[in-house]
Amino acid sequence: MLIKPWFFIVVLTVSFVLASPLRADGVDEFYNHLLDLTQWTLHTQATTISQGHFAFHAPYTGPNSLSPQAEARTSFTSTEFIGRKLWTGGSVYFNPEIIGGQGVSHTLGMAGFPNGEIYRVDDPSIKLVMSRLYYQQIVGLSQETEHFDSAQNQLAGNVAQKRLTFVAGKFSLVDFFDRNTYSSDARNQFMNWALFANGAWDYAADTRGYTWGVYGEYNQPQWALRAASVLEPLFPNQSEMDMRIGRARADQAELEWRYARDVHPGKLRFLSYVNQSHAGEYSSALNLSPVNPQIGDTRDYRTKYGFGLNLEQAITSDLGLFSRAGWNNGTTETWAFTEIDRTVSAGLLLAGTHWGRQEDRVGLAFVANGLSSEHRQYLAAGGLGFILGDGALNYAPEQIVETYYAFHFWRYWTLTTDLQGVKNPGYNADRGPVLILAERVHVEF
């Protein structure tokens, strides 16, 4: 049975009322409890990215190509992060979001697309959407605690170091998995899709990057184990979710190990995932039509699986290193994220301490993306994915270098200048290279 979002809202509202002292102490006490700011977390962000690329060499252009003509586009998001404590360990989070704008070339033509914010925007027009709505329960398992400051979707307070965490509702898988101190946030750090997340992880999401499901985590001081099972889209890169959860869902698990080299902390994460969706198969599409194959004609319930590694290491107090590697079997069509079957990336992030700008950041990273043999053959024959399709393909790994300077210029405001160089956009050695420039304005409090 399809559970509508309004049903979840009603359940949470009833839970909040039952958790309040209304039934015992009257209306005044209820409102005092409701307005107690220590029980809330309220934060805001707004980000606009203006990005464009110069004209580049391209002997041919297909329906899903990056345009060889110079172009520029702007995206905008604004999010309210609202959280409320319900009872001991229990809380609810709600994130209304305003989105609008567009990526260059209608967000087509590059597997490692250069604007990570545009992933949350599915329409150029400005509109209000619900990005997250979930319930969280933390169960403490030890007397030792650690302190959490109030943050986006995080209540202030002490929590047990050994604990179980359960989440149910609407969220993004990258809220909890594949996190990295130095490269996880396109609003503050690297903008490229293949740098803010593991590009070979075709993580389940609607057009804007969110899904419905359940998540659980067991945390120890030196390690953590987390897992989630969530809905897959009914069609690739679309908003409607497939409710046949026995045949269509995404399951992932991640093990995180925390360590230190001298006094400098590090983390190593191992991710595995299995996606089941009503997806087409590259080899079947080629068998049906060796020229201009249509993968949509071969859709059936199939399985995609993959793995990812994620490393972060503080080198000094103001310099950090990160690296990711990912692989998936690459036999079925990309369903939700981007057309990457293999990826490896590495980068550095430096704080501006040495030149008296402690809040500034300088980043430099490299990523190389690749395709499975079946995926290459499909695109070379003229097939189209939901992001790629030049009409032909002279295959070569897509290689990207990104660097940025984030200038923290006033209180909550940061201005970032970003430069990306791309060799073989869309894995096509016949096209490019491409130089991409961006200016990002971000505010959060």
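The figures here come from the full heavy-atom set of this structure, side chains too, leaving out hydrogens, waters and symmetry mates. Keep in mind the model is a prediction, meaning the values are calculated, not measured.
- For the pair K423 and E398, the salt-bridge criterion is not met [side-chain N within less than 4.0 Å of a carboxylate O].
- Atom OH of Y405 sits about 11.5 Å away from atom OG1 of T403, to the nearest 0.5 Å.
- No side-chain donor-acceptor contact under 3.5 Å links Y305 and N328.
- A donor-acceptor distance shorter than 3.5 angstrom exists from the side chain of E402 to the backbone of M191, with no hydrogens or angles considered.
- A donor-acceptor contact closer than 3.5 angstrom links the side chains of S150 and T41.
- Taking the six-membered ring for Trp, F190 and Y404 have ring centres closer than 6.0 Å.
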Steps toward side-chain contact (heavy atoms from CB on, under 4.5 Å) verdict (R440, T48): CA-CA 6 Å; R440 175 179 62 197; T48 182; over 6 Å; no
Decide side-chain hydrogen bond (donor to acceptor under 3.5 Å, both in side chains) for S105 and E71; before the verdict, give the C-alpha distance in whole Å, the side-chain angles of both, and the deciding distance to 0.1 Å. CA-CA 8 Å; S105 296; E71 59 176 332; 2.4 Å; yes
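- Applying the 6.0 Å contact sphere to CG of L225 captures more than 12 heavy atoms from other residues, nucleotides or ligands.
- For the pair L309 and F270, the minimum side-chain heavy-atom distance is below 4.5 Å.
- Between R163 and E146 there is a salt bridge, since at least one side-chain N of the basic residue sits less than 4.0 Å from a carboxylate O of the acidic one.
- A cation-pi contact links R376 to Y395, judged by a cut-off of 6.0 Å to the six-membered ring centre and 45° from its axis.
- Under 3.5 Å, the side chains of T207 and N237 contain no donor-acceptor pair of N or O atoms.
- For W410, the CH2 atom counts as loosely surrounded, since its 6.0 Å shell holds 12 or fewer non-hydrogen atoms of other residues, nucleotides or ligands.
- Ion pairing of R187 with E117 is present here, as a side-chain N (NZ or NE/NH1/NH2) and a carboxylate O approach within less than 4.0 Å.
- Side chain of S323 to backbone of S345: a donor-acceptor contact under 3.5 angstrom is found.
- A side chain to side chain contact (heavy atoms under 4.5 Å, CB included) with V230 holds for exactly one of Q252, K170, R249; it is Q252.
- Between E439 and T417 the shortest heavy-atom distance is OE2-OG1, 2.7 Å.
- To the nearest 0.5 Å, atoms CG (N95) and CG (L133) are separated by 9.0 Å.
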When you look at Q420 and N192, which way does the side-chain hydrogen bond (donor to acceptor under 3.5 Å, both in side chains) test go after all the steps? CA-CA 8 Å; Q420 298 180 50; N192 195 278; 2.9 Å; yes
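- Atoms CG and CZ, from N275 and R302 in turn, are 14.5 Å apart once rounded to the nearest 0.5 Å.
- Minimum heavy-atom separation, L286 to P293: CD2-CG, 3.9 Å.
- By the 30° and 60° cut-offs, the orientation of the rings of Y93 relative to Y134 is tilted.
- Residues F166 and Y135 place their aromatic rings such that the two centres sit no closer than 6.0 Å.
- Between the side chains of Q137 and W87, at least one donor N or O sits under 3.5 Å from an acceptor N or O.
- Nearest heavy atoms, N115 versus W193: O-NE1, 2.8 Å.
- In this structure, the separation between CD on E374 and CG on L371 is 10.5 Å, given to the nearest 0.5 Å.
- Between W201 and F307, a ring centre-to-centre spacing not shorter than 6.0 Å is recorded.
- Using a distance-only test at 3.5 Å, with no hydrogens or angles considered, a donor-acceptor pair links the side chain of N310 to the main chain of R179.
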Where do E339 and H375 land on the side-chain hydrogen bond (donor to acceptor under 3.5 Å, both in side chains) test, with the steps shown first? CA-CA 9 Å; E339 296 190 53; H375 200 161; 2.7 Å; yes
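- Remark: side-chain polar atoms of T211 are paired, donor with acceptor, to backbone N or O of L231 under 3.5 angstrom.
- The backbone N or O of P397 sits less than 3.5 Å from a side-chain atom of N424, completing a donor-acceptor pair.
- Interatomic distance, OG of S229 versus OH of Y215, reported as 14.0 Å (0.5 Å rounding).
- At a cut-off of 3.5 Å, with distance as the only test, no side-chain donor of H408 or D360 sits close to an acceptor on the other residue.
- R269 has a carboxylate O that lies under 4.0 Å from a charged side-chain N of E312, or vice versa, which qualifies the two as a salt bridge.
- Residues that satisfy the ring pair (Phe, Tyr, Trp, His ring centres under 6.0 Å) test with Y301, not counting sequence neighbours, are H278.
- In terms of modelled atom types and a separation under 3.5 Å, the side chain of Q136 and the main chain of G89 share no donor-acceptor contact.
- The CZ atom of F148 sits 9.5 Å away from the CG atom of N158 when rounded to the nearest 0.5 Å.
- E254 and D178 make their closest contact through OE2-N, 3.0 Å (heavy atoms, listed as atom of the first residue, atom of the second, distance).
- Without hydrogens or angle criteria, R431 side chain to S65 main chain gives no donor-acceptor distance under 3.5 Å.
- A centroid separation of less than 6.0 Å is found between the aromatic rings of Y412 and F445.
- Taking the six-membered ring wherever Trp is involved, the centroid distance between the rings of W223 and Y218 falls below 6.0 Å.
- Counted by atom type alone, T331 and E281 present zero donor-acceptor pairs between their side chains at under 3.5 Å.
- Remark: side-chain polar atoms of H57 are not paired, donor with acceptor, to backbone N or O of P68 under 3.5 angstrom.
- No side-chain donor-acceptor contact under 3.5 Å links S239 and D206.
- G385 and L379 make their closest contact through N-CD2, 4.3 Å (heavy atoms, listed as atom of the first residue, atom of the second, distance).
- Considering R132, Q45, Q152 as possible partners of T79, the one that fulfils the side-chain hydrogen bond (donor to acceptor under 3.5 Å, both in side chains) test is Q45.
- In this structure a side-chain-to-backbone donor-acceptor pair under 3.5 Å is present from E333 to G280.
- With 3.5 Å as the limit, one finds a donor-acceptor pair spanning the side chains of T47 and H442.
- Pairing each heavy atom of G432 with each of P425, the nearest pair is CA-CD, 4.1 Å.
- The existence of a salt bridge linking R247 and D242 is excluded, since no basic side-chain nitrogen approaches an acidic carboxylate oxygen closer than 4.0 Å.
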Please determine whether side-chain hydrogen bond (donor to acceptor under 3.5 Å, both in side chains) holds for the pair Y60 and N428, giving the CA-CA distance in whole Å, both sets of side-chain angles, and the decisive distance to 0.1 Å. CA-CA 11 Å; Y60 50 87; N428 201 333; 3.2 Å; yes
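- In the model, D318 has a side-chain atom that pairs as donor or acceptor with a side-chain atom of T316 under 3.5 Å.
- Looking only at distances, no side-chain donor or acceptor of S91 sits under 3.5 Å from a matching main-chain atom of L86.
- The existence of a salt bridge linking K304 and D202 is confirmed by a sub-4.0 Å separation between a basic side-chain nitrogen and an acidic carboxylate oxygen.
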Run F171 and Y210 through ring-ring contact (aromatic ring centres under 6.0 Å, His included) and show every step you take. CA-CA 5 Å; F171 51 85; Y210 304 97; 9.4 Å; no
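- Annotation for H106: atom NE2 does not count as buried by contact number, only 12 or fewer foreign heavy atoms lying within 6.0 Å.
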